[in-house]
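See structure below.
Below, chains carry the letters A, B, ... as their sequence lines are ordered, and counting in each starts from 1. The basis for the numbers below is simple: all heavy atoms, side chains too, and nothing from hydrogens, waters or symmetry mates.
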Amino acid sequence: MPIRAVRGFKDVLPDEIELWHRVESIARGVFNAFGLKEIRIPLLEKTEVFARSIGELTDIVEKEMYTFIDRSGDSLTLRPEATAGLVRAVNEHKLFAQSPVLKLFTTGPMFRHERPQKGRLRQFHQINVEVMGTKAPFSDTEVIWMAWDILEKLGLKDLRLEINSLGCPACMPMYRDNLKEYLEGVFQHLCPDCQRRSKINPLRVFDCKNEACRKIMAKAPLNREYLCTECADHMEKVLAFLKTLDIPFVINPYLVRGLDYYVMTTFEIVSPDLGAQSTVAAGGRYDGLLKALGGPDLPGVGMAIGVDRLLLLLEKDKKGPSIDLFIAALGPKAGKEVIPWIKHWRRQGLAVQMSYEEKGLKAQMKQAGRVGACYVLIVGEDELDKKQVVVRDMMTRDQHEVPVDDVISAVERLVSA
RNA sequence: GUGGGCGUAGCUCAACGGUUAGAGCGUCGGGUUGUGGCCCCGAAGGCUGUGGGUUCGAUUCCCAUCGCUCACCCCA
């Protein structure tokens, strides 16, 4: 049995890499337009970074983290998400002292020990955006806008933006208490799952697929009735900006985030083509997070795009590899003669290949075709005797002779044309 | 963690319980002794995931195990 990759960890093979580059380059373009700067942070953090921010009682912290004790006895964790570590970094380097508003992005792998399924890997990749230092509703909208823009530029169809306000520390507890009270009243009528949920994460009961639970929850109190005027006002402005930008949305009063630090605006962008794990991008506001990690009381809003899920939605276009020039050298003498030329062309940045093995011309032509060579240079004993080499255009199948002394510039002219 | 589906060539898949487990694609070679793609011919490539059991005989049926996958849960 050959050694396999770890469960839930996937290789990105050469055939797929072009898609990754496409996603990354479009995202970078958008971030540049929105004035974001990139930050790169470690994959490993002290466990408390996540425990204190995500929430001790969340599934992520309770049963999904890759946590271990290292050789010096510290409890470390492979990051299950980016925001906590990023906020830690911002705090540690006092980046908020440089400018009142920080607009940052980062990309990379996250790790959660879940059962793998479609759109859910144990190592998965996110593109993260964080805007810190402002409570302005427009910053919420801008974060959503970036996610929407990237997905749209990638040509995704049928996306749905769902949005909700969770309320702030002033009004959220009021709603939670009321909901809990309601759930306690109907407790024995709920399914076992919901009985559990009602204690741990009461909002999740709204998501239950059980018919009886749904009926019960249809009469449950809704959070929008409990939003304080500040939160309601904030939400209204965020939505108004979305309308101005022609970004369609639906309000989903049951939308919850799985991380404790979220307040007020929360959103998801879902695709109908993804199966059960349909969220391509999601995010929200986390005003208390910096403070919770021992920093100043600065607000923040952010989002994450699930890159692996996004890639499931993109068409793989199968245009194979392509290089500028393939050199078919026949015989050991030609093989040697050609090396200084290759050195020169590669220095110029041309993509040049030749066969490692001494093979017949037919085999080399075949290889040239496979690697997608635009031109083939045929160099054999005959050519060297005549001081002429043959240049073949693989598209038109035309070929002509070029003097050996002129070959370097002749090829450069052809390729640049 | 729980449940369903599936494990046969590098890939996609065939094979009523019955000879030597096949095909397409890909790879390599030949047809063309120095010219790619199309065509024709040929070759290499398999412990049928693994271990037990039933049977005269198992890729096929049963059990276990491992892996993949989808869903629950949860989330990007």
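Atom NZ of A/Lys118 and atom C1' of B/rC73 are 19 Å apart (whole Å). The CZ atom of A/Arg120 sits 11 Å away from the C1' atom of B/rG1 (whole-angstrom rounding). Remark: P of B/rC74 and CD of A/Glu81 are 18 Å apart, rounded to the nearest angstrom. A/Lys359 places its NZ atom 11 Å from the C1' atom of B/rU27, with the value rounded to the nearest Å. Rounded to an integer number of Å, the gap from CG of A/Leu312 to C1' of B/rC70 is 13 Å. Put simply, CG on A/Asp11 is 13 Å from P on B/rC11, counting in whole angstrom units. If you take CD1 of A/Ile3 and P of B/rC68, they are 15 Å apart, rounded to a whole angstrom. Taking atom CG of residue A/Leu311 and atom C1' of nucleotide B/rA76, one finds them 12 Å apart after rounding to whole Å.
Considering all non-hydrogen atoms of both residues, A/Thr141 and A/Val238 come closest at OG1-O, 3.2 Å. For the pair A/Leu102 and A/Phe96, the tightest heavy-atom approach, listed with the atom from each and the gap, is CD1-N, 3.9 Å. The two residues A/Trp20 and A/Asp308 come nearest to each other via the heavy atoms CH2-OD2, 3.8 Å.
Residue A/Ala363 places its side chain closer to B/rG29 than to any other of B/rG29, B/rC70, B/rA76.
For B/rA76, neither phosphate oxygen OP1 nor OP2 lies less than 4.0 angstrom from any side-chain nitrogen or oxygen of A/Gln126.
A salt bridge links A/Arg22 with A/Glu18: the distance from a Lys NZ or Arg NE/NH1/NH2 to an Asp or Glu carboxylate oxygen falls below 4.0 Å.
Contact of A/Arg4 with B/rC68 (side chain to base): no donor-acceptor pair of N or O atoms is detected under 3.5 Å. You'll find a donor-acceptor pair under 3.5 Å spanning the side chain of A/Gln117 and the base of B/rC73, going by distance alone. Evaluation of atom-type donor-acceptor distances gives no pair under 3.5 Å for the side chain of A/Arg115 against the base of B/rC72.
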A/Trp345 vs A/Asp324, test: side chain to side chain contact (heavy atoms under 4.5 Å, CB included). Steps then yes/no. CA-CA 10 Å; A/Trp345 288 322; A/Asp324 297 313; over 6 Å; no

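One C1' atom belongs to B/rG45, the other to B/rG3, and the distance between them is 38 Å to the nearest Å. Atom name C1', nucleotides B/rU55 and B/rC62: the rounded distance is 12 Å, in whole Å. Comparing the C1' positions of B/rG30 and B/rA15 gives a spacing of 31 Å, expressed to the nearest Å. Spacing of P atoms, B/rU27 relative to B/rU59, comes out at 32 Å, to the nearest Å. A gap of 28 Å separates the P atoms of B/rC56 and B/rU65, to the nearest Å. Straight-line distance between the C1' atoms of B/rU60 and B/rU8: roughly 11 Å, to the nearest whole Å. With C1' as the reference atom, B/rG57 and B/rC61 are 13 Å apart, rounded to whole Å. Annotation: B/rC25 and B/rG17 have their C1' atoms spaced 31 Å apart (nearest Å).
Around atom NZ of A/Lys237, no more than 12 heavy atoms belonging to other residues, nucleotides or ligands sit under 6.0 Å away.
In RNA chain B, the stems built from three or more successive Watson-Crick or G-U pairs (distances below 3.5 Å) are B:1-7 with B:66-72, B:10-13 with B:22-25, B:27-31 with B:39-43, B:49-53 with B:61-65.
When only modelled atom types and interatomic distance are considered, A/Gln364 and A/Ser355 share no side-chain donor-acceptor pair under 3.5 Å. A donor-acceptor contact closer than 3.5 angstrom links the side chains of A/Arg285 and A/Ser139.
Comparing A/Val6 and A/Arg309 against RNA chain B, the residue whose closest nucleotide sits nearer the 5' end is A/Val6.
Residue contacts shown for A/Val376 are absent, as no nucleic acid heavy atom lies under 4.0 Å away. Counting any heavy atom pair closer than 4.0 Å across all strands shown, A/Arg7 reaches sugar-phosphate atoms only and no base atom. A/Gly275 comes within 4.0 angstrom of the backbone, heavy atoms only, and of no base.
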When you check every protein heavy atom under 4.0 Å of nucleotides 33-39 of chain B, what one-letter string (B, S, -) results, 5' to 3'? -BBBB--

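No donor-acceptor distance shorter than 3.5 angstrom exists from the side chain of A/Arg392 to the backbone of A/Tyr375, with no hydrogens or angles considered. In this structure, the side chain of A/Thr106 engages the main chain of A/Ile39 through a donor-acceptor pair within 3.5 Å.
For A/Tyr175, the ring-ring contact (aromatic ring centres under 6.0 Å, His included) test picks out A/Tyr226, with sequence neighbours left out.
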